[in-house]
Amino acid sequence: MQLTKEIAEKKLSDMNMRDMPIMDYHPIPAMVAPDWFKKYKKLCHEFIISLTDSIEQLAFMNLSQDEFMALITGRKIPQNLSIRFRVPLIWGGKLEIDNMFMCWTFPNSQNLDRFIQDQNDANIVWLPNPATKIYVPGHNLSGGDGGNATEDRLSQMAAQIAASRGMEQ
């Protein structure tokens, strides 16, 4: 189904993702290399290690300290988090960190799958394109007047990890 930008934004709004930026894209069917999954797993590891620059967004994911540490050190992606491609590989997307973002599997990733699949036969598709590596819906970003202790704690932990890896933040 061919959507206009307004209809695409309305569909996302109906899915409680009214703040999800979208981009128009002309899908070009592409062959996916047989070894794509092996490369994808390696890239996922690189992607999650690169999240030390995304502590503020991670703080709003309400991860436990163990989940956060497992994620930021590249050991494990917490349950109910998904790494998604901005442009699917079958439409010419690249196996690159810049083509990836993370969001909740339920409901966000599942809703985005439906949103994209509904446009499967369109000449121009609207694809999710969050500004950062992590998409947290705006209604999950509100904090209290006293600040965000989780964000402060996670920021300190990330700074320690970055320092131990010899990285500047």
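Numbers for residues simply follow the sequence, beginning at 1.
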Point-to-point distance, once rounded to the nearest 0.5 Å, from CD1 of Ile134 to CZ of Phe60 = 11.5 Å

Kindly give the heavy-atom pair with the smallest separation between Ile77 and Ile83, and that separation in Å.
-> CD1-CD1, 3.4 Å

Judged by atom type as modelled, is there a donor-acceptor pair below 3.5 Å linking the side chain of Asn129 to the main-chain atoms of Ile22?
-> no

Mind listing the closest non-hydrogen atom pair of Gly93 and Tyr25 along with its distance?
-> N-OH, 4.5 Å

Indicate yes or no: does Asp98 engage Arg86 in a salt bridge with an N to O separation below 4.0 Å.
-> no

Quick one: pull up CG in Leu95 and NZ in Lys38 and give me the separation to the nearest 0.5 Å.
-> 13.5 Å

Would a distance-only check, ignoring hydrogens and angles, find a side-chain to backbone donor-acceptor pair under 3.5 Å from Glu9 to Arg18?
-> no

In terms of heavy-atom contacts, Tyr135 and Phe101 come closest through CB-CD1, 4.2 Å

Asn99 side chain to Phe85 main-chain N or O, any donor-acceptor pair under 3.5 Å?
-> no

May I ask you to decide if Trp126's main-chain N or O and Gln119's side chain share a donor-acceptor pair within less than 3.5 Å?
-> yes

Report yes or no: does Lys11 contribute a side-chain atom to a donor-acceptor pair with the main-chain N or O of Leu3 at less than 3.5 Å?
-> no

Does Ile7 share a hydrophobic cluster with Ile116, counting links as ILVMFWY side-chain heavy atoms below 4.5 Å and allowing steps through other members?
-> yes

Is it true that Lys42 and Glu46 make a salt bridge, defined as a side-chain N closer than 4.0 Å to a carboxylate O?
-> yes

Taking all heavy atoms of Leu63 and all of Leu58, pick out the closest pair and write down the distance.
-> CD1-CD2, 4.3 Å

How far apart are the closest heavy atoms of Asn120 and Trp91, and which atoms are they?
-> OD1-CZ2, 3.7 Å

Kindly work out whether a path of hydrophobic side-chain contacts (I/L/V/M/F/W/Y, heavy atoms less than 4.5 Å apart) joins Met1 to Leu127.
-> yes

Say whether, by atom type as modelled, one donor and one acceptor occur between the side chain of Asp19 and the main chain of Gly138 under 3.5 angstrom.
-> yes

Heavy-atom closest contact (Gly74 atom, Ile49 atom, distance) = CA-CG1, 4.0 Å

Once you round to the nearest 0.5 Å, how far does CZ of Arg84 lie from OG of Ser109?
-> 4.0 Å

Does a side-chain N-to-carboxylate-O contact under 4.0 Å join Arg114 and Asp118?
-> no

Does the side chain of Thr73 come under 3.5 Å of the side chain of Arg75 through a donor N or O and an acceptor N or O?
-> yes

